Amino acid sequence: MQTHATGDLIRFDHLTFAYPGAAAPALTDLNLALPEGELILVIGASGSGKSTLLRCINGLTPHFSGGALRGNVRVAGLDPVAATPRVLSRHVGFVFQDPEAQFVMERVEDEIAFALENAAMPRQEMRVRVEETLDLLDLTPLRARLLKTLSGGERQRVAIAAALALRPRILVLDEPTSQLDPKSAEDVLSALVRLNSDLGLTILLAEHRLERVLPFVDRVLYLPEQGKPVLCDEPRTVLRQIDLAPPLVKLGKALAWEPLPLTIKEGLRFSRPWLRSHKMPVDAPAAAPVLAASRPPYLEVRGLTVRYGAAEVLRNVDFAVRPGEVVALMGRNGAGKTTLLRSLVGLVKPQAGVIKVAGESIASQAVADICRRVGYLPQDPNTLLFAETVREEMLVTMRNHGEGRGARDGFADPDALLARLGLAHKAGAYPRDLSVGERQRVALAAITVTLPGALLLDEPTRGLDYAAKEELMRLLKEWRADGAAIVLVTHDVELAAALADRVVLMSQGQVIAAGAPATVLGASPLFAPQIARLFPETGWLTVEDVIGDKVAGAG
């Protein structure tokens, strides 16, 4: 893969784009020049136009989305609108948020070769390209594996390899780590850094979990709300001007640390002397919450074993959640977390063990009956959206659970629930036309209209910006206060640190640790949040732990 001379590789000149039927443009009068050879992070609130901008680079917008585009885009000297995505694919490799969505073949090696075969490349050259690409992404040991047997991080690296097979000058990635555990995300980002530094490949990636990516990027491109100027500069310059920031940067700005730290190594230079100068007492990690004996578990699992064929996905799992408790279920991709959630609502039948909801075994219960008492939100909220309007989504659930027989006793008032979720103004909207965060809240409305005693949420912050994540946390705290038993499957360690009462860590189908977040997360090199890394052995997990009452009381 050859490198190229430096210069502006991508240009947007007065670009405005609006989707069909949209009330406002997704991008407005965008003027931007991006140089070659840099690793560029694209950030902004949900709905700010990040995905639209990325898709303009290879012509997916407007060729596949439709809509009206004004102004000019130039990529490696080409006009993506005139050249079409087929031509641009030789210059721009594109990796979607969900790698499975772009896989065509079953085996790793065949997937990488697919684009080369379509380009009618001579067989000998194609074999050389495949070997080179496998080596670049450390995939040679996996070349004969079936894609369905790979971990999330491995599948993401295969998607990147397939995009690189045609030797593009630009690699574009839309939230490449959103589905990955911290170690898998680190592996993918390390591969991207190597491609950028060793080959001079220009890389643009959109991400919401900034704490993962900021240490590696040359430039941050911030897309603001409508009417405000775009910011594009080195990371510290942009982060000083915006509220969007991971915990380390948020703390650094609050305490006026200069230069603003972007890595834990940089942050430790400030946090250690700061801790000494404030003479802060070192708190022992908080003990697990003591729950009254009069509050038995709402969800309870004993000795649960689940097999898929010969593979044992869950092994002798014990697990319980009480009313008014938020439990974060964490672990590497493939640890069995989603299988455990699906077992709790009867979607997966165990080979051994007992599952109880509100003290009753679910072994002989129908899934629909279980789901009236246990709301389950899968990773993709779209799988729960069927109706023509937001309000109708709830009415469908109510009819499915027997509301059509008469009174609405045992159900939430649909309009009051929409107001609580901040969706009253969207009651008549088509759900699939909404933003990611709004669709997720519609799906939450559909599963909570039955007033379930428990909520199971699988990766609920996937695709959410910081503001949307804060709104979700507010809602979950309200439901916890109402007495709901809540289980979050998440790779978002910052969410777990801020919200969970208890953390359960899984590995290879077993529970390997359980306890208070400060105990489980603070002791984990892999899952520790940024503040725990900055202030080890203090029990602190969030920015508020550091600059809240503790600091005020220290005088």
Side-chain angles (χ1 to χ4, degrees), residues 152 177-182 185 208-209 288-289 291 297-301 317 319-333 335-345 347 357 371 374-381 384 421 436-437 440-441 443-445 447-448 452-466 468-507 511-521 524 526-529 541-542:
T177 74
S178 65
Q179 300 184 73
L180 304 182
D181 63 70
H208 284 302
R209 296 183 188 173
L291 297 168
Y298 189 85
L299 300 173
E300 187 173 14
V301 170
V317 171
F319 180 73
V321 189
R322 289 170 169 78
E325 182 183 31
V326 175
V327 174
L329 194 59
M330 307 185 74
R332 296 288 308 274
N333 291 98
K337 305 180 299 296
T338 295
T339 299
L340 178 54
L341 287 200
R342 290 169 59 82
S343 299
L344 289 169
V345 291
L347 291 170
V357 174
C371 287
V374 182
Y376 172 48
L377 182 67
Q379 286 188 23
D380 183 2
L384 298 182
L421 291 164
V436 172
Q440 185 193 63
R441 279 181 281 151
L444 278 171
I447 67 171
T448 57
L455 290 175
L456 311 179
L457 310 180
D458 197 350
E459 286 292 347
T461 59
R462 174 185 172 188
L464 299 188
D465 59 42
Y466 286 104
K469 187 162 76 170
E470 288 289 336
E471 179 62 19
L472 176 64
M473 288 173 57
R474 181 190 64 79
L475 289 167
L476 293 177
K477 288 176 181 177
E478 288 183 5
W479 277 319
R480 174 175 61 187
D482 289 344
I486 301 173
V487 182
L488 306 173
V489 165
T490 184
H491 294 309
D492 189 338
V493 297
E494 305 298 342
L495 174 74
L499 183 63
D501 300 303
R502 192 156 50 91
V503 173
V504 174
L505 196 59
M506 294 186 68
S507 177
V511 173
I512 60 171
T519 303
V520 178
L521 298 179
S524 170
L526 192 60
F527 291 95
L541 299 177
T542 67

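What you are looking at is a predicted structure, and each value in this text was computed from that prediction instead of being measured.
For E470 and R474, the salt-bridge test fails: no basic side-chain N is under 4.0 Å from an acidic carboxylate O.
By the 4.5 Å heavy-atom criterion applied to side chains, Y376 and L347 are counted as neighbours. Residues L444 and L457 form a side-chain contact, since some pair of their non-hydrogen atoms from C-beta on lies under 4.5 Å apart. The shortest distance between side-chain heavy atoms of E494 and T461 does not fall below 4.5 Å. Between Q379 and V489, every side-chain heavy-atom pair lies at or beyond the 4.5 Å cut-off. In this structure, the side chains of I486 and V327 stay at 4.5 Å or more apart for every pair of heavy atoms. Within the 4.5 Å cutoff, the side chain of L299 has heavy atoms near those of the L456 side chain. The side-chain heavy atoms of P460 and L488, taken from C-beta on, include a pair separated by under 4.5 Å. The shortest side-chain heavy-atom distance between S178 and H208 does not fall under the 4.5 Å cut-off.
The two atoms that bring A485 and Y298 nearest to each other are CB-CB, 4.1 Å, heavy atoms only. When all heavy atoms are compared, the tightest approach of L541 to P517 is CD1-CB, 3.5 Å. Of all heavy-atom pairs spanning A445 and L421, the tightest one is CB-CD1, 3.4 Å. Across all non-hydrogen atoms, the minimal contact from A443 to L384 is CB-CD1, 4.1 Å. Summarising the geometry of L521 relative to A497, their closest heavy-atom pair is CD1-N, 4.0 Å, with the distance given to 0.1 Å.
Although no hydrogens or angles enter the test, the distance criterion places no donor-acceptor pair under 3.5 Å between the side chain of S524 and the main chain of V520. Between the side chain of E459 and the backbone N or O of H491 there is at least one donor-acceptor pair closer than 3.5 Å. Checking side-chain atoms of K337 against main-chain N and O of M506 turns up no donor-acceptor pair under 3.5 Å.
The CG atom of L495 sits 6.0 Å away from atom NZ of K469, with the distance rounded to the nearest 0.5 Å. Taking CZ of R441 as the reference point, atom CG of L377 lies at 13.0 Å (rounded to 0.5 Å). The line from CG of L472 to CD of Q440 is 5.0 Å long, rounded to the nearest 0.5 Å. Note that CG of L455 is 12.5 Å distant from CZ of R480, once rounded to the nearest 0.5 Å.
Legend: residues meeting side-chain contact (heavy atoms from CB on, under 4.5 Å) with S343, ordered by chain and number and at least two apart, are L304, V306, L314, T339, V348, I355. For R332, the salt bridge (charged side-chain N to carboxylate O under 4.0 Å, His left out) test picks out D181, with sequence neighbours left out.
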